[in-house]
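Have a look at the structure below, then the notes.
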Amino acid sequence: MGTELDWSTEWLTSALWIVGVFTATALGCAVLVALLSRYTVWGRQFRRLAFPYFSPRGPEGWRPLISVLLVLLLAIASVRLNVLLSYQGNGMLTALQNLDAPSFWFYIGIFAILATIHVTRVLVEFYVQQALVIRWRVWTTNRLIGDWLDGRAYHKGRYTDAAVDNPDQRIQEDTASFPQVSVTLAVGAVSSLVSLVSFTLILWALSGPLSVFGIEIPRAMTFLAYIFVIVASVIAFRIGRPLILLNFLQERFNATFRYALVRLRENSENVAFQRGERVESGILGTRFRDVISNAWAIVFRSLKFQGFNLGVSQVSVVFPYIIQAPRFFSQQITLGDLNQTATAFGEVHDALSFFRNAYDDFASYRAILDRLTGLLDANAAARALPAAEVEDGDLQIRDLTVRRPDDGVLVDDLGLELAAGSSLLVTGPSGGGKTTLLRSIAQLWPYTAGSVRRPVDDGSLFLPQQPYLPLGTLRDALAYPGPGSEMDDARAAELLRKVQLPQLIDRLDEVDDWARRLSPGEQQRLGFARVLVVQPKVVFLDEATSALDEGLEQSLYTLLREELPDLVIVSVGHRSSLRRFHDELLVLDSNGSWERSALPR
């Protein structure tokens, strides 16, 4: 390219240039992504996280790929506009130098047209990029949540050898950052590479020879620009490399500190009863010190990294003027040429410096990829854990052995069968495996062997000592795990009266943190109401009346038997008062042995 353009035909020339470069860049990006996703760790991580979304056979069809291509087209158009603006600036300054008023106003008109196109392009690009990022984030979040919930990995993950920390943060924060940073880095890299080629040609056309120690270097400006930036980038990479690990650790330390704060809030009453403030302060202080220590390490490393980058950036401002000034003073180039040289050098510098300046972002990006793929790995490991074999049918347990994580036997070769309408009380010393037995029957305990037959899905209901109350209205809590919208007012009021919670009828549609608002006894009564909602064939009650007095306990067990006469009841408890509500007794001794006997009625 020369230093002048034919503006009468430039619209066609630029359109053809954009189409040609877009096609070449799209093909090049496809090849590069394929190579990176095959031969680099982070490329394989990206493929695992992103390829299912961008596949035409995916849930979004062709729209994600079309969005990416449109973003790519707009990025290339941006580079072409910058090239045209550099020529416009050259012509305008040269007209000023020559005191050529008609030419000056001509270039002002060109600028007005280019500026209008530029503003329009920026707005369109912003919308297209944000639409891509938001839709990608929605898909990624839904995928991660689905994967976390699938096979109860959210619970079983605690039993894996390498349980991940803070899956909530990974799903909430990292799934938001992953699409945004992916698009930002990709667009920046493509724009930088296309700018590098485009402005190198301009710089080549404007460069002249330079004599160094008697040796004449042709097109010296071009070679000096590359040498300047490449040397600076190599040094910057060496300075900034530790930031990858430091950023990863910072996310981990922040998450563990936040978890400790949330845990204290959720257990505030227990801590207050035991005056545990000093211990909690020590725990919080230790975790916060890790946060601050790592933050200072990031600060000191960033001082070196950013200080070097800022120094290089300041030198780059005057570098092209220093090199080209002798040619300007000897009238080999015009003021417009000098200004375009500085512009082209700045673009080449910025393009070559992109990877150096984006090193910190890329370090954080690597950490995001590690955390998200780590969660997928942990979920897969959780789903692969062994569990008791469960078949649909009436409750029957055969050859069930339950072990501790250290391989000690809690329940050995258990076998039992319960007919419709029967009831069984499981008791024994604390730590004897009573609750763990229920976990095994529910396929939540991985250290289990044997087979279980029980009604599946809503045919079985497990009611823990403290029922889980979801966020939302009281109606949602009552209907859980079903939708609250399907429960009408009359049915909800009837259930609350039956479990002796009439005072809550007027608060059915009140949104609150019901787990904190209701007392333990009220929560347990709400749990019994759920049994009436679900109407299972078998209910497993794990200390489900421990917060109730004996009168309420009797009324609730009587309620279950009256409302659901064929219901099989399996209770875990220590109270002797529970015996009168059951037909049989199963005693576990914590050493594997068990004894089953009939109870007098």
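If you take CZ on F305 and CG on L310, they are separated by 10.5 Å, rounding to the nearest 0.5 Å. Here the OG1 atom belonging to T222 is positioned 11.0 Å from the CD1 atom belonging to I227, to the nearest 0.5 angstrom. Annotation: the span from I322 atom CD1 to L224 atom CG amounts to 11.5 Å, rounded to 0.5 Å. With rounding to the nearest 0.5 Å, the separation of CG in D168 from CH2 in W148 is 6.5 Å. Rounded to the nearest 0.5 Å, atoms CD1 (I333) and OG1 (T94) are 10.0 Å apart. Taking CG of N339 as the reference point, atom CG of L96 lies at 11.0 Å (rounded to 0.5 Å).
Under the side chain to side chain contact (heavy atoms under 4.5 Å, CB included) criterion, S78 pairs with N82, R121, sequence neighbours left out. Applying the side chain to side chain contact (heavy atoms under 4.5 Å, CB included) criterion to S8, with sequence neighbours excluded, gives D6. Residues forming a side chain to side chain contact (heavy atoms under 4.5 Å, CB included) with P326 (at least two apart in sequence, or on another chain): none. Remark: D100 pairs with no residue by the salt bridge (charged side-chain N to carboxylate O under 4.0 Å, His left out) rule, at least two apart or across chains. Listed by chain and residue number, D147, D150, A153, N379, A380 satisfy the side chain to side chain contact (heavy atoms under 4.5 Å, CB included) test with R383 (two or more places apart in sequence, or in another chain).
For F126, the CZ atom is loosely surrounded, since the number of other residues' heavy atoms within 6.0 Å does not exceed 12. Within 6.0 Å of atom CG in L471, 12 or fewer heavy atoms from other residues, nucleotides or ligands are found, so the atom counts as exposed in its surroundings.
For the pair F228/F223, no side-chain contact is recorded, criterion being any heavy-atom separation below 4.5 Å from C-beta on. In this structure the side chain of S14 reaches within 4.5 angstrom of the side chain of L84, judged on heavy atoms. Taking 4.5 Å as the limit, some side-chain heavy atom of W7 sits within range of a side-chain heavy atom of Y87. With contacts defined as side-chain heavy-atom distances shorter than 4.5 Å, the pair L69/F22 qualifies. You'll find the side chain of L376 reaches within 4.5 Å of the side chain of L144, heavy atoms only. Between W139 and P52 there is a side-chain heavy-atom pair separated by less than 4.5 Å. Contact of the Y53 side chain with the R135 side chain is registered, since non-hydrogen atoms from C-beta on lie closer than 4.5 Å. Under the 4.5 Å side-chain criterion, counting only non-hydrogen atoms from C-beta, I298 is not in contact with L249.
Every pair passing salt bridge (charged side-chain N to carboxylate O under 4.0 Å, His left out) that includes a residue from residues 45-66 is listed here, sequence neighbours excluded: R48-D377, E60-R63. Residue pairs meeting the side chain to side chain donor-acceptor pair (under 3.5 Å) criterion with at least one partner in residues 20-43, sequence neighbours excluded, do not occur; the list is empty. Applying the ring-ring contact (aromatic ring centres under 6.0 Å, His included) test to residues at least two apart or on different chains, the pairs with a partner in residues 54-83 are F54-W136. Identified under the salt bridge (charged side-chain N to carboxylate O under 4.0 Å, His left out) test for residues 276-290, with sequence neighbours left out: none. The salt bridge (charged side-chain N to carboxylate O under 4.0 Å, His left out) pairs that include a residue from residues 300-329 number zero, where partners must be two or more places apart or lie in different chains.
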request  = Kindly indicate, with the supporting measurements, whether the criterion side chain to side chain contact (heavy atoms under 4.5 Å, CB included) is fulfilled by L132 and V128.
outcome  = CA-CA 6 Å; L132 173 61; V128 173; 5.6 Å; no
ask   = So N254 and F288, side chain to side chain contact (heavy atoms under 4.5 Å, CB included) or not? Walk me through it.
value = CA-CA 8 Å; N254 280 327; F288 186 61; over 6 Å; no
query = Step by step, would you call W17 with I76 a side chain to side chain contact (heavy atoms under 4.5 Å, CB included)?
reply = CA-CA 9 Å; W17 184 92; I76 291 171; 3.8 Å; yes
ask   = Can you list the steps and then say if S195 with D350 is a side chain to side chain contact (heavy atoms under 4.5 Å, CB included)?
value = CA-CA 9 Å; S195 293; D350 290 345; over 6 Å; no
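Judged purely by atom type and a 3.5 angstrom limit, D476 uses its side chain to pair as donor or acceptor with the backbone of T473. Counting only distance, with no hydrogens or angles, the side chain of R158 and the backbone of H155 share a donor-acceptor pair below 3.5 Å. Using a distance-only test at 3.5 Å, with no hydrogens or angles considered, no donor-acceptor pair links the side chain of Q324 to the main chain of L338. Remark: side-chain polar atoms of T141 are paired, donor with acceptor, to backbone N or O of R137 under 3.5 angstrom.
Residues Q45 and D370 have side chains that bring a donor and an acceptor to within less than 3.5 angstrom of each other. Using a 3.5 Å distance cut-off with no hydrogens or angles, the side chains of T341 and D337 do not pair a donor with an acceptor. Using modelled atom types and a 3.5 Å distance limit, the side chains of S86 and T343 yield no donor-acceptor pair. For the residue pair T140/T175, the side-chain donor-acceptor check at 3.5 Å is not satisfied.
Across all their heavy atoms, D174 and I368 have their closest contact at O-CG2, 3.8 Å. Of all the heavy atoms in V79 and S191, the pair that sits closest is CG2-O, 3.8 Å. Of all heavy-atom pairs spanning T160 and A381, the tightest one is CG2-C, 3.8 Å. Looking at every heavy atom in both residues, L203 comes nearest to A225 through CD2-CB, 3.9 Å. Taking both residues in full, the closest heavy atoms of Y226 and L196 are given as OH-CD1, 3.4 Å, listed atom of the first, atom of the second, then distance. For F257 against L284, the heavy-atom pair with the smallest separation is CE1-O, 3.6 Å.
Taking a cutoff of 4.0 Å between a charged side-chain nitrogen and a carboxylate oxygen, R80 and E10 qualify as a salt bridge.
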Enumerate, atom names and distances included, each donor-acceptor pair closer than 3.5 Å involving a side-chain atom of residues 104-115, sequence neighbours excluded.
none

Throw together a table of side-chain donor-acceptor distances under 3.5 angstrom for residues 177-187, partners on residues two or more places apart or in other chains.
from: S177; atom 1: OG; to: E173; atom 2: O; distance (Å): 3.2
from: Q180; atom 1: NE2; to: T184; atom 2: OG1; distance (Å): 3.4
from: S182; atom 1: OG; to: F178; atom 2: O; distance (Å): 2.6
from: S182; atom 1: OG; to: Y365; atom 2: OH; distance (Å): 2.7
from: T184; atom 1: OG1; to: Q180; atom 2: O; distance (Å): 2.9

